[in-house]
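Below is one structure; the comments refer to it alone.
Order of appearance sets the numbers: ligands from 1, and atoms from 1 within every ligand.
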Amino acid sequence: MTSTTHTRSARFDLRARDLTPGGVHSNVRLGGPRVCFDRGEGAWLYDIDGNDYVDYLLGQGPSLLGHAAPAVNAVVAREARRGSVFGSQHVLENEAGELFLDTVGWAERVRFGLTGTEADQAALRLARAATGRTKFVRFEGTYHGWLDNVLVTSVDGRIRPASAGQLAHHLDETYFLPYNDVAALEKAFANHDDIAAVIVEPVMCNSAAIQPRDGFLDEVRRLCDRHGSVLIFDEVITGFRVALGGAAEKYGVTPDLAVYGKAMAGGWPVSALAGSAALMDQLTAGVVHSGTFNSSVPACAAVIATLTELRQAPPYERIEAHGGTLMRKIGELGAAHGVPLRVQGLPVAFHASFGDPRTIHHHAELEAIDTAGYAKFVEVLVGHGIWVAPRGIWYVSAAHGERELNAVVDRLDSALAAETRVRRTAG
Ligand SMILES: Cc1ncc(COP(=O)(O)O)c(C=O)c1O
């Protein structure tokens, strides 16, 4: 880190607030530190004040190959000379589709889109059409996009719409269950015969990176089969990240439909809905899914380049080693400074907060750890050149190596020393 001032970022933010609500183009960015970045390269970000940051947010996950990965961007730049969208097929679509399906391994058809939010909606619509039922099961603490039927917050342990203007009755479509609780799902199926689908983040990366207990996903699969419901994996975070074939490969459980996004296109905006031919071909028999920019030339080029790179040089062992060491170091450094830093999750996507180090398995247990205190500490981390999300998730990329590990450990050590000084003064 060459400087700790943020004067230019602050000036930029002032102007931005005149142009766009809150100065940002996604509500997720409203909270937390404001930094205006000039560029990203590999695992590093550079802001307009001349500060550098080791990045463990990766744009909320997409940059699995690091920022501006040359292997991806060169192909996108070359192919974009063809144009972008033609309102018909183009020459890269089949290659992208074949590579995608071959990499995922279990699915027979794919539709490309732009965001995870819309692909989740298409999955739910397909499930309703296939079963003739209306409702779906989801789990407390998962995120499936920002639309009315899936956007929730939890107030005093009760699920509520998260946005003003949201049609609250759309949430009536949902049965909310605790994650990792097979008995609760059995009971829901026993009591209701209108469950079209069970949608699940196979790892709850949006809630403390809680992992599925042994056999949980198998049981969800078994119950969906028994009750004729569609099993949807929301692999927007886990896809291509936890394994080349995503969570379906890692946990050995095959869904009926799955939604992908983030890591599948090296930082470019692409999502995908994939599944069995029987389900997906309903898109030619009455179920609607559209999008002007779906499967654009740059999108297909980005998918082809990213998946080719991931297949030719799988980074998963390196990422696992880096993330595993980092998780251990975070715990050790916290202990050395007397700060109760805790981590849990997978090395490729783990969660940090303050509090009781015991692993938590349910969203409700988040109350037992100090996520708010950690969110404040993130400002200290950012001031010391570590870019992470206030909500606690740390993403590791293929571009994180020895240099980044040394830098983050050094910077975390200094940040914790600063945190300890503040705590001492306050105490
Ligand atoms: C599991 C999951 N599903 C869906 C979404 C929505 O994806 P997008 O932000 O691309 O609309 C996200 C976004 O973070 C996510 O984490």
So do Glu219 and Leu185 actually touch side chain to side chain, heavy atoms under 4.5 Å? no

Nearest non-hydrogen protein atom to atom 16 (O) of ligand 1, with distance, is Asn206 ND2, 3.0 Å

Do Val220 and Leu231 have side chains that approach each other closer than 4.5 Å (heavy atoms only, starting at C-beta)? yes

So which heavy atom in the protein is nearest atom 12 (C) of ligand 1, and how far is it from that ligand atom? Tyr143 CD2, 3.5 Å

Heavy atom of the protein closest to atom 9 (O) of ligand 1 (residue, atom name, distance): Thr117 OG1, 4.4 Å

Minimum-distance protein heavy atom relative to atom 14 (O) of ligand 1: Lys262 NZ, 2.9 Å

Should Asp194 and Arg133 count as an ion pair when the cut-off is N to O under 4.0 Å? no

Could you tell me whether the side chain of Glu79 and the main chain of Val76 form a donor-acceptor pair under 3.5 Å? no

Examine distances only and state if a side-chain atom of Glu404 and a backbone atom of His400 form a donor-acceptor pair shorter than 3.5 Å. no

Which residue supplies the protein heavy atom nearest to atom 8 (P) of ligand 1, what is that atom called, and how far is it? Gly116 N, 3.5 Å

Spacing of NE2 belonging to His144 relative to CG belonging to Asn149, to within rounding of 0.5 Å: 10.5 Å

With a 4.0 Å cut-off on heavy atoms, is Gln60 touching ligand 1? no

Close approach, Glu118 and ligand 1, non-hydrogen under 4.0 angstrom: no

Going by the order shown, which atoms of ligand 1 are within less than 4.0 Å of some heavy atom of Ile237? 16 (O)

Can you find a pair of side-chain heavy atoms, one from Ile195 and one from Phe136, that are under 4.5 Å apart? no

Using modelled atom types and a 3.5 Å cut-off, is there a donor and acceptor pairing between side-chain atoms of Arg109 and backbone atoms of Ser276? no

Look at atom 4 (C) of ligand 1 and say which protein heavy atom is nearest, naming residue and atom and giving the distance to 0.1 Å. Asp120 OD2, 3.4 Å

Show me which atoms of ligand 1 lie under 4.0 Å from any heavy atom of Asp234. 1 (C), 2 (C), 3 (N), 4 (C)

Give yes if a backbone or side-chain nitrogen or oxygen of Glu201 is under 3.5 Å from a nitrogen or oxygen of ligand 1, and no if not. no

Thr115 heavy atoms, cut-off 4.0 Å: which ligand 1 atoms fall inside? 10 (O), 11 (O)

